[in-house]
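The structure under discussion appears below in the form of structure tokens.
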Protein chains: 2
Amino acid sequence: MVVEQLESPDPDAVVEAAKTAFRNGAMLTVEAECEVEYEGRTSGYLGPGDRILVAKPDGTFLVHQPTGHKPVNWMPGGGSVSTRVSEGEPVLLARRSNPTERVEVRIHECYGLTRFDATDGATYEESGTEAEMHEYIAENPDVLEEGLRIVEHERETKYGFVDFYAVDANGTPVVVEVKRIQATLNHFDQLQRYVSLYEDGKTPAESPGGGVTAGDGVRGMLVAPSASDRVKRALRDNGLEFVGLSEFGLDAKGSTEAKLTDF
Amino acid sequence: MVVEQLESPDPDAVVEAAKTAFRNGAMLTVEAECEVEYEGRTSGYLGPGDRILVAKPDGTFLVHQPTGHKPVNWMPGGGSVSTRVSEGEPVLLARRSNPTERVEVRIHECYGLTRFDATDGATYEESGTEAEMHEYIAENPDVLEEGLRIVEHERETKYGFVDFYAVDANGTPVVVEVKRIQATLNHFDQLQRYVSLYEDGKTPAESPGGGVTAGDGVRGMLVAPSASDRVKRALRDNGLEFVGLSEFGLDAKGSTEAKLTDF
DNA sequence: TTTTAAATTTCGATA
DNA sequence: TATCGAAGTTTAAAA
């Protein structure tokens with residue numbers, strides 16, 4: 001039997017079923033009216049209400065309210081979930097260390113419980129990621145600029161990794177930062193930090209602010225499908241460049257399409 | 001009846017129950033062997049395996065494998081979920097626009113299904129957030145530095161928001177960036193960006209790199225519980241300062257403790 | 001609606 | 001194990 005369902009189980013039955021699920025490495029789903037407390041990186045409390053609780057064999061624990069993508073409380077995998085009856089009510093406790101934290105759920109009324117002996121060997125295959133954008137640029141540097149030549153991919157520097165270190169048609173070095181999504185101020189920051197490392201023979205300590213602009217012997221290029229005006233201005237003000245690149249690797253991006261029948 | 005459970009429902013029963021749940025604004029949970037396809041910001045495919053599916057009345061849709069905190073596929077709230085039988089199998093389709101994307105789940109075998117008429121009026125109360133850290137600093141600026149005076153909180157600048165704009169005992173301006181967690185290079189970037197705006201009478205365009213270091217008439221201070229060596233070096237090299245601050249607002253942080261009985 | 005930054009971010013790769 | 005950066009990030013707040 002892959003699934004065992006209980007309707008309105010009493011506290012002892014809830015704890016018993018939960019223990020069976022944990023012991024057998026099954027997934028546990030509980031529909032219940034409950035109270036939740038979290039103590040760890042921050043602390044919080046959620047008063048009584050109806051939620052779905054999910055416990056996975058890897059220690060993952062989720063508390064889902066009737067709305068919202070994110071669980072209102074949770075515990076990432078790696079920890080452990082335990083259960084017991086306390087003051088006549090079932091309690092689920094999810095714990096982990098590093099960081100030390102805990103989520104405790106006190107169940108006032110359990111409407112339903114499902115134990116699920118799930119088997120899943122499949123892994124998610126994704127297309128259209130930033131890694132694929134990198135591949136596309138590495139193979140087609142001309143889409144950024146005519147005559148651009150990639151010298152190094154993922155070059156490590158003192159302050160972090162540069163996506164691409166390239167040289168333009170005139171032999172001028174170009175530091176390239178690539179983003180799959182609309183560029184943000186933080187992305188501008190990143191490029192600025194990397195560019196600051198490529199001053200001619202100067203260390204950041206010798207060049208207050210670590211700043212370098214076009215003309216100092218190195219160019220900085222932020223590649224993304226779009227950017228807000230503020231980001232574009234920040235780039236311009238600091239002698240950096242924006243290159244819009246929205247379409248890339250279309251073949252790869254569409255490779256997993258049409259595997260399921262369309263509606 | 002708050003919960004209705006079906007065990008091994010046939011395709012028509014799955015679709016019927018799902019439609020009832022969507023119509024009544026109930027939460028739907030399905031244990032099933034299924035295949036998943038996503039098309040939107042990227043695209044992806046997940047082969048057959050056992051998963052838990054959750055549909056919420058706000059359009060949220062989640063596909064959970066037996067491990068991991070994050071759903072392998074999902075749709076945030078705001079869209080809609082529909083269902084129908086296709087080629088003899090139940091199919092769940094979650095869609096939204098802006099951005100346009102869709103998750104389609106083809107159910108090969110449904111082990112269990114639960115409809116849950118959930119009512120939850122409670123909201124999560126949290127302590128120990130960065131906002132509270134700001135309050136604590138605003139009320140106790142001396143924990144950063146003796147004689148420091150806060151001039152403005154959340155000051156908007158040309159390139160973003162400065163957490164605190166302050167003045168030290170000597171009257172020198174201090175730009176303060178606050179982080180609740182260990183400081184990262186991106187946090188250093190943020191501070192560097194803000195500090196670059198406070199040069200004496202110079203616009204960033206007039207000061208290549210927008211860089212400013214101690215001595216230029218403005219100080220930059222990154223406040224966090226800790227920072228990696230690389231971050232500390234980046235700060236030092238650029239004339240910026242690190243202030244360790246781990247304990248803050250203990251009273252507030254502990255205010256929600258002990259609401260549930262300890263184990 | 002767009003922008004901006006936080007998040008109990010999680011997750012994966014790398015040193 | 002710590003660090004660093006991506007993510008279909010999501011969420012909330014502000015303009």
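Just so we're on the same page: letters track the sequence lines, and every chain starts at 1.
- A straight line from CZ of B:Arg233 to P of D:dT3 spans 14 Å, rounded to a whole angstrom.
- Positionally, the nearest nucleotide of DNA chain D for B:Thr184 lies more toward the 5' end than for the other of B:Val72 and B:Thr184.
- At a threshold of 4.0 angstrom between heavy atoms, the contacts of A:Glu154 with the nucleic acid are absent.
- As a whole-Å value, the separation of A:His187 NE2 from D:dA6 C1' is 9 Å.
- Taking only side-chain atoms of B:Glu126, from C-beta outward, the nucleotide of C:dT8, D:dC4, C:dT4 with the closest atom is C:dT8.
- Of the listed nucleotides (C:dA5, D:dC4, D:dG5), C:dA5 has the atom at the smallest distance from the side chain of B:Tyr194.
- For A:Gln190, counting side-chain heavy atoms from C-beta on, the closest listed nucleotide (D:dG5, C:dA6, D:dT10) is D:dG5.
- The side chain of A:Trp74 lies closest to C:dT10 when the candidates are D:dT10, C:dT10, C:dT4.
- Between the side chains of A:Glu35 and A:Tyr45, at least one donor N or O lies within less than 3.5 Å of an accepting N or O.
- What separates NE2 of B:His134 from C1' of C:dA6 is a distance of 10 Å, to the nearest Å.
- With 3.5 Å as the limit, one finds a donor-acceptor pair spanning the side chains of A:Glu101 and A:Tyr38.
- Contact between the side-chain N/O atoms of A:Arg41 and the OP1/OP2 oxygens of C:dT10 is found at a separation under 4.0 Å.
- Residue ring and base: B:Phe161 does not count as stacked with C:dT4 (centre distance below 5.5 Å and interplanar angle below 30° not both satisfied).
- For B:His69, the side-chain atoms get nearest to C:dC11 when compared with the rest of C:dT8, D:dC4, C:dC11.
- Taking the six-membered ring for Trp and thresholds of 30 and 60 degrees, B:Phe164 and B:His153 have nearly parallel ring planes, at less than 30 degrees apart.
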- Message: Apply salt bridge (charged side-chain N to carboxylate O under 4.0 Å, His left out) to residues B:Lys179 and B:Glu177 and explain how you reach the verdict.
- Response: CA-CA 7 Å; B:Lys179 295 299 162 185; B:Glu177 178 66 23; 3.1 Å; yes
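- Inspection of the B:Asn186 and B:Thr184 side chains reveals no N or O donor paired with an N or O acceptor under 3.5 Å.
- Among the atoms of the strands shown, none is found under 4.0 Å from any heavy atom of A:Val178.
- Atom CD in B:Glu156 sits about 17 Å away from atom P in D:dA13, given to the nearest Å.
- As judged by a 4.0 angstrom heavy-atom cut-off over every strand, B:Thr129 is placed among residues touching the sugar-phosphate backbone only.
- Distance check on atom C1': D:dA14 versus C:dT8 gives 24 Å, rounded to whole Å.
- Listed candidates were C:dT4, D:dG8, D:dT3. Nearest to the side chain of A:Leu185 is C:dT4.
- Distance, B:Lys158 NZ to D:dA15 C1': 19 Å, rounded to whole Å.
- No hydrogens or angles were tested; on distance alone, a donor-acceptor pair under 3.5 Å links the side chain of B:Asn73 to the base of D:dG8.
- The separation between A:Arg155 atom CZ and D:dG5 atom P is 16 Å, rounded to whole Å.
- Rounded to an integer number of Å, the gap from CD of B:Glu130 to P of D:dA13 is 14 Å.
- Computed from coordinates, the A:Met133 CE to D:dA7 C1' distance equals 15 Å when rounded to whole Å.
- Contact annotation: A:Ser228 side-chain N/O to C:dT4 OP1/OP2 distance is under 4.0 Å.
- Between the side chains of B:Lys70 and B:His64, no donor-acceptor pair is found at a separation under 3.5 Å.
- Contact annotation for B:Glu177: backbone-only contact, meaning every heavy-atom pair under 4.0 Å involves sugar-phosphate atoms and none involves a base.
- Spacing between D:dA6 and C:dA7 at atom C1', rounded to whole Å, works out to 15 Å.
- Distance from the side chain of B:Lys70 is smallest to C:dC11 among C:dA5, D:dT10, C:dC11.
- Taking the P atoms as reference points, C:dA5 lies 22 Å from D:dG8, given to the whole Å.
- Between B:Gly68 and B:Tyr124, the residue anchored nearer the 5' end of DNA chain C, judged by the nucleotide with its closest heavy atom, is B:Tyr124.
- In terms of phosphate contacts, A:Arg230 brings no side-chain nitrogen or oxygen within less than 4.0 Å of OP1 or OP2 of D:dA15.
- Without hydrogens or angle criteria, A:Gln65 side chain to B:Ala122 main chain gives a donor-acceptor distance under 3.5 Å.
- A residue-by-residue look at B:Met75 and A:Asn98 shows that A:Asn98 has its nearest nucleotide of DNA chain D further toward the 5' end.
- If you check every strand for non-hydrogen atoms under 4.0 Å, A:Pro76 touches sugar and phosphate atoms only.
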